[in-house]
Each structure stands twice: as structure tokens, then as C-alpha cells.
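Notes for the one structure printed next.
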Amino acid sequence: MAIAKIKLVDITSNTTNLDSVLTRFVDLKDFHPVLASEIVERVHGSTSFVAENPCQPLLQDLDEIEKKYELNLPNIELKDYNYNFNEMYDYMTEIKERLNTEVDHIKELQDFIRKYNDALIQVHNIESLDIPLDDLFACEFISIRFGRLPNDSVEKLRFFQSRPFVFKSFNHDANNSWCMYYTTDEYKREVDNIFSSLFFERIHIPDFVHGKPKDAIAALEEEIKQAQKMIDQYKADMYDITCGCSNRLACIKSELLFLNRSFEAKKYVVGLGDKFTISGFTEEHNVDKVQAAFSDIKDDIDIEIQDADSDKRITPPTKLKNGWFSKPFGMFVEMYGLPGYKDIDPTPFVAITYSILFGMMFGDLGQGLVLALIGWLAYKYKGMQLGAVGIRIGLSSAVFGLIYGSVFGNEELLNPLYRAIGFAEKPVHVMDSEFTMTLLIIAIGFGAFLIVVSMILNIFTLLKKKRYAEVIASHNGFAGLLLYGFILVGVALQFGLQIQVFNIFTILLFLGIPLVLIFFKEPLERRFRGHKLFPNGFGGFFVEGFFELFEIVLSYITNTLSFLRVGGFLLVHAGMMLVVTSLMTMVGGSGSILVLIFGNIFVMGLEGMIVGIQVLRLEFYEMFSRYYEGNGVAFNALNL
């Protein structure tokens, strides 16, 4: 149960050295810095160096230029102590203005082309009209409308043939007829209303279109062609600008990326007079590297190394350090909460108990190996920590499957193996009704053992924290361990071996005294702290303590019985595979192979997920709640 040993490092120097210290500080590896805000609030006269970061707006502008003009500048940091923000800003502004000017020209031309293309479409629709458009629009007493009319509405015009208008259709498609109509100014409103009621959609011919439609089309196409040439020229100019400035912009970006980290690091700097301090934590073996990073300015800097918990204003972070087997299970511990620096790391205990419980509940040699293979693939090619967990619990499942004699639900396949190693038959018959009670007793017994281990871990943790009242009187301390252990041993001896254990003397000694201690735990804690035993009176304490004691005794029973699910899920797994085997027999032939494959996939997917969740529940509720708080601070290194 390993938590990495760390040291508190205080880096102090004159404010004149701030920039040079920060340029080295931001490159430290495996270093957890402490935010200045955590110290400034508790030290009178200290100040923070947090200020507006001038690199951020420049980086945003640069990012905008890079994306807009597809420059693909490299993300490489460059240390330059002679930086000049004004020069960077002026250069970027100049480039941006030049490029924006070219872009504006292109946009204007694109609007021009769009406008002429729209006109071209309209003129194409009246291409068969052999009259100059200028003559039509120059009529003084006649109003002309161009547009499109639904083909259905064209038929309906015959109902209005007595009205004073002339209708002319140029061409038509599947839905509309492209047309024009004209009438005198006197009847313009009336005729417009008629066509409007027939869903006539007017199309305006732009003023710049002149001549006959065929001549206008040629003129429009020529204008569009010239505009497109100008756009190509402006794009070529933009390309020249971006090629010419890309090296300089890449250099500016590299400098800004490094300077940005330096400015961001100021949130870790605490000022006091003309001095500043940066505090943080690093592992013991990394202390020399931290000191070496500032070796070139050692005459102007003071680096103090202390124990991690020497400064009571700062909470030391926790860095888990586990071996190959238990490391992936750290994700479950982090899910609940990291241990405090002075606490124990429960990861190895979780790794062992989780693997055993999962294997017991999901014991199958074939499915276990498949689960391990899937976990290996997920971890190898996707880097999934859950895949690494899958390898371990899959192997555990395979081991228990070997004990149960189950391979993809087949209960007879391993019989030759058992006979070869000297067994008459497989050691465990899960589906044997005579074994069921034994199975449930084993599950409860194993659960009780884990609860006892959890209590021992809790006592060890409380002793480390010097919380002696809880060590003595807590229901997970000595009192609880004595009470729970006596009941377990007593039941085993009296009902298993017929040895009389429960009598008035043992009951008073091992049940009465622990219950009294648990009942008076809070007053004892207050006495250890020098406070009054019953600040709110004995009556209120008695009523509250009685119900709490009742709940504690009840929790011993319910927590122990929770482990019945270990045996229950083992029976469920065997039952589900029995169903798959029965279906294979019913289907027969090649269909039985499909039933075998899909049946195993279904059982592995459904039951594997449920068992995984149930084991996690046992870890969190039946064990963690007894010995683990999970209120630690994560070790977040500056450069991972």
C-alpha cells in the first residue's frame, strides 16, 4: 500500500530574478506547485504575482490568422529572453491588415460574381425574347413583369382572357413556366392582383442588363470571367504574403507559447517585500533534479527542502505508487477519492479482493481467458486502464473456472484433466444442491474475513493519525473488532464444533464492554480534546446514542449478509450457462455452435458487467466505509 514519499520544496529569491527563475521553473518535471492563493490568504503582508497575461490575446490573434489562412504553424516552444511584445503585435497587425485587404477585395468580387450569376439565370429564362430589354423598360404607358408561373396556373389564365393583359411564355420546366406579361398603367394593379392570386413569382431584371437577352448573356459572362481572373490574382497575392511571413509568425508563436507558460506560472509565486517564493512538492528521488535546474543561479536563489507535512498551511498531495498487478485498480480508488498523504493506499488490497471476488462470482476458464484477451487488446491498442483491469480479473475468472470445472459452460470438458492429476472428479460441483449451503457459508465467511481485515486497516490508520479515542471505542476500532470477532468465533465454535462459548461471563466481557465503549465513543472523543462530556445534556445523548448503537449492530449483520451475493452470482452464472447448454441440445447440428457463441457473448456481456458493478459495490460500501476516507489531494505535476 504505497504512497510516494515526497518533499516540500521552497524556492526563494529576489524579485529581480523572477523571470529567470520562472523560465527554469516551468520546465520542472514531476513537480506539484502550490497555488499562491493558498498561502497569500494565510500570510499577512504577502502578495500574489497574478496579472493579466499579455500572451493570451496575441496567441488568440495568431490562432485566428493561422486558421483563417491555413498556415499550419508548428507548436514548438522557443526560449527567447529578449522578446518584444510591441514588435510582435505590430508585425502581426501589419500582416493581418494586408491579408484582410486582399480578402475584402476578393469578397467584393465574389459579391459581384454572385450578383451577375443571378442576373444571368434570369436572362437565360427569357433568352428567346428577341427585343432589347432597354426598349421594354423604356415604355411610358405599359408595365412589364418578368417571372415564373406554376404550370397549373397557366391553364387557369383562360378564365381571365377578357382582362386587359398580354401573357408570353418563353420556356418551362417540370413545375414552372418562365414568362412575362404586360398591361397598361391603368390596369396594372388589377392585373398584378390576378397574377399574384395565381402564385406568379416576379423576377427583377437588374438595371445593368442591356440589349437583347442573347447580347446581355454574352456581356454578363464576360464580366464574370474578368472578375474571376481578378480573384485568382488576389489569391496569388495572399499566397505570397503568407509564404513571406510564415517563418516569422512561426517564430513569434514559438516564443509566445513559452512566454505564456511563464506568465501562467506566476499564479504559483508569493511575494513578500523584495523577495518571492515558489512552493511545491516533488518525490524524494527528484529533489536533486530540482536543485540542479537552478544551479546556474545558485548564488541568488535559496532552495529549502523540508518534510512534506512540515508546513501546516499546505496539504501535501498524494501520488499513488503501485506495482504491475495493482496499478490499474487505482482508477477505482480515485473514483472514490484519493487517500490523504498520511493515510494508507488501499489499491493493492482492492486489486487482490476485487480479482478474487470477481473470479468467485464469474468462474469460467474459457470466458475468463476471452475476457483477459479482450482486456489486453483494449489496453494494448487503446490504452484503456479498464482493459488492464480486465486482464487481471479475466485470469482470476479462469483460475476459478478451473476449480469449478467450467469451460464456456461445459461442465465435463475438464474431467480428463482432473483424473490425470489424481482427482476422481472435479473438486467443486456448483449446481449440486448439497453444495449450495456450503457455498453460501463460504461466501459469508469470506465476507466476514474481509470485514475483519477492513477493521484492522482502520485501526492501523487511526493509530497513524493518533486518533486514540476512535481506535478504542469506534465500531470499526478495537471495540468493534472485539464485538464482531467474538460473534464470528462464537458462532463457528458453538454451532460448528459444538463448543459452548456463549455464557454470561463471555457475553459481558466481549459483548457488553465493546457495546458500552461504542455507545460512549463521542463523549470519550470530547474528553480527549478537553471538552465537556455531554454538552447538550445526558438525556439527549442517551436517546441519540441508543439509536446509533442499534444501527451499528444492525449494520454488522447486513454488511455480512451482503456477501451472500458472491455465492448467489456464482449460482446465477452456472444457471445461465446451463440454459445455454440446454438450448444447444435442443437446436442440435451446426445451429448449436451459433447458440454456443452467442450464448457465451450474451452471458459475458450481461453478467460480466453486473458482477463487476456488484464487486465494486462490495468494495465501496462494505469495506471502504470501514477504513477509508478518500479526502486526499491529487499530485498534479506541472509537466506530465
Side-chain angles (χ1 to χ4, degrees), residues 3-56 259-287 289-291 293-294 301-321 330 333-345 464-467 628-640:
I3 293 177
K5 295 295 182 186
I6 58 175
K7 290 287 186 182
L8 173 62
V9 180
D10 290 324
I11 304 168
T12 305
S13 184
N14 295 319
T15 52
T16 52
N17 297 323
L18 180 58
D19 286 342
S20 58
V21 170
L22 282 178
T23 54
R24 292 157 180 79
F25 167 73
V26 294
D27 286 335
L28 290 178
K29 304 289 185 185
D30 197 23
F31 189 85
H32 171 98
V34 178
L35 286 171
S37 56
E38 295 183 27
I39 300 175
V40 170
E41 295 175 356
R42 302 174 188 178
V43 179
H44 181 69
S46 61
T47 57
S48 170
F49 281 75
V50 175
E52 185 178 356
N53 186 347
C55 300
Q56 286 292 338
L259 293 172
N260 180 56
R261 283 207 301 136
S262 297
F263 274 96
E264 288 295 318
K266 287 186 177 180
K267 62 185 176 186
Y268 304 115
V269 182
V270 178
L272 189 61
D274 61 348
K275 299 277 188 181
F276 74 87
T277 300
I278 300 175
S279 299
F281 298 89
T282 191
E283 291 188 69
E284 281 184 338
H285 65 79
N286 198 44
V287 168
K289 293 180 182 175
V290 174
Q291 291 176 319
F294 302 94
I301 194 169
D302 179 30
I303 300 178
E304 188 177 3
I305 310 298
Q306 305 175 71
D307 290 336
D309 55 351
S310 58
D311 191 337
K312 302 303 178 189
R313 300 168 302 180
I314 309 171
T315 303
T318 303
K319 184 175 184 180
L320 302 181
K321 196 172 185 178
V333 176
E334 292 174 7
M335 192 187 302
Y336 191 91
L338 279 171
Y341 179 68
K342 284 293 185 180
D343 291 345
I344 59 172
D345 176 15
K464 285 184 67 177
K465 295 179 178 177
K466 299 180 181 179
R467 290 155 61 175
Y628 186 62
E629 294 179 350
N631 54 2
V633 177
F635 185 97
N636 292 319
L638 198 62
N639 295 305
L640 293 175

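In what follows, every heavy atom counts, from backbone to side chain, and hydrogens, waters and symmetry copies are set aside. Source: prediction; values computed, not measured.
Scanning both residues, Ile39 and Ile314, for their nearest heavy atoms gives CD1-CD1, 4.1 Å. For Tyr341 against Pro317, the heavy-atom pair with the smallest separation is CD1-O, 3.6 Å. For the pair Pro316 and Val633, the tightest heavy-atom approach, listed with the atom from each and the gap, is O-CB, 4.5 Å. Contact record, Val26 with Leu638: CA-CD2, 3.8 Å, taken as the closest heavy-atom pair. What you find for Ile6 and Phe281 is that their closest heavy atoms are CD1-CD2, 3.8 Å. The nearest pair of heavy atoms linking Thr282 to Phe31 is CB-CD1, 3.9 Å.
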(message) The test is salt bridge (Lys or Arg N to Asp or Glu O under 4.0 Å); show your working for Glu629 and Arg467 and say whether it passes.
(response) CA-CA 14 Å; Glu629 294 179 350; Arg467 290 155 61 175; 3.3 Å; yes
(request) Given side-chain contact (heavy atoms from CB on, under 4.5 Å), test Val269 with Leu18 step by step and report yes or no. (result) CA-CA 9 Å; Val269 182; Leu18 180 58; 3.9 Å; yes
(request) Would you sort out whether Ile278 and Leu22 count as a side-chain contact (heavy atoms from CB on, under 4.5 Å), showing the intermediate values? (result) CA-CA 9 Å; Ile278 300 175; Leu22 282 178; 4.1 Å; yes
(message) Walk me through whether Tyr268 and Leu35 qualify under side-chain contact (heavy atoms from CB on, under 4.5 Å).
(response) CA-CA 5 Å; Tyr268 304 115; Leu35 286 171; 3.6 Å; yes
(request) Determine, stepwise, if the pair Ser279 / Asp311 fulfils side-chain contact (heavy atoms from CB on, under 4.5 Å). (result) CA-CA 10 Å; Ser279 299; Asp311 191 337; 5.8 Å; no
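Rounding to the nearest 0.5 Å gives a distance of 11.0 Å between CG of Leu272 and OG1 of Thr15. The CD1 atom of Ile301 sits 6.0 Å away from the CD1 atom of Ile11 when rounded to the nearest 0.5 Å. Atoms CD and NZ, on Glu283 and Lys5 in that order, are 12.0 Å from each other to the nearest 0.5 Å. The distance from the CG atom of Leu8 to the CD1 atom of Ile305 is 8.0 Å, given to the nearest 0.5 Å. Rounded to the nearest 0.5 angstrom, Lys464 NZ and Ile344 CD1 are separated by 7.5 Å. Interatomic distance, Glu284 CD to Asp307 CG, rounded to the nearest 0.5 Å: 8.5 Å.
For the ring pair (Phe, Tyr, Trp, His ring centres under 6.0 Å) test, residues two or more places apart in sequence or in another chain that qualify with Tyr628 are Tyr336, Phe624. For Asp27, the side chain to side chain donor-acceptor pair (under 3.5 Å) partners two or more places apart in sequence, or in a different chain, are Lys79, Arg261.
Taking the charged nitrogens against the carboxylate oxygens, Lys289 and Asp30 have no contact shorter than 4.0 Å, which rules out a salt bridge. The residues Lys465 and Asp343 are annotated as salt-bridged, a charged nitrogen and a carboxylate oxygen being separated by less than 4.0 angstrom.
Using a 30° and 60° split on the angle between ring planes, Phe635 and His32 fall in the tilted class, from 30° to 60°.
Looking at Asn286, its side chain does come within 3.5 Å of a backbone N or O of Lys29 through a donor-acceptor pair. Within the 3.5 Å criterion, the main-chain N or O of Cys55 finds a donor-acceptor partner in the side chain of Asn53.
Using a 4.5 Å heavy-atom cutoff, the side chains of Pro33 and Phe25 are in contact.
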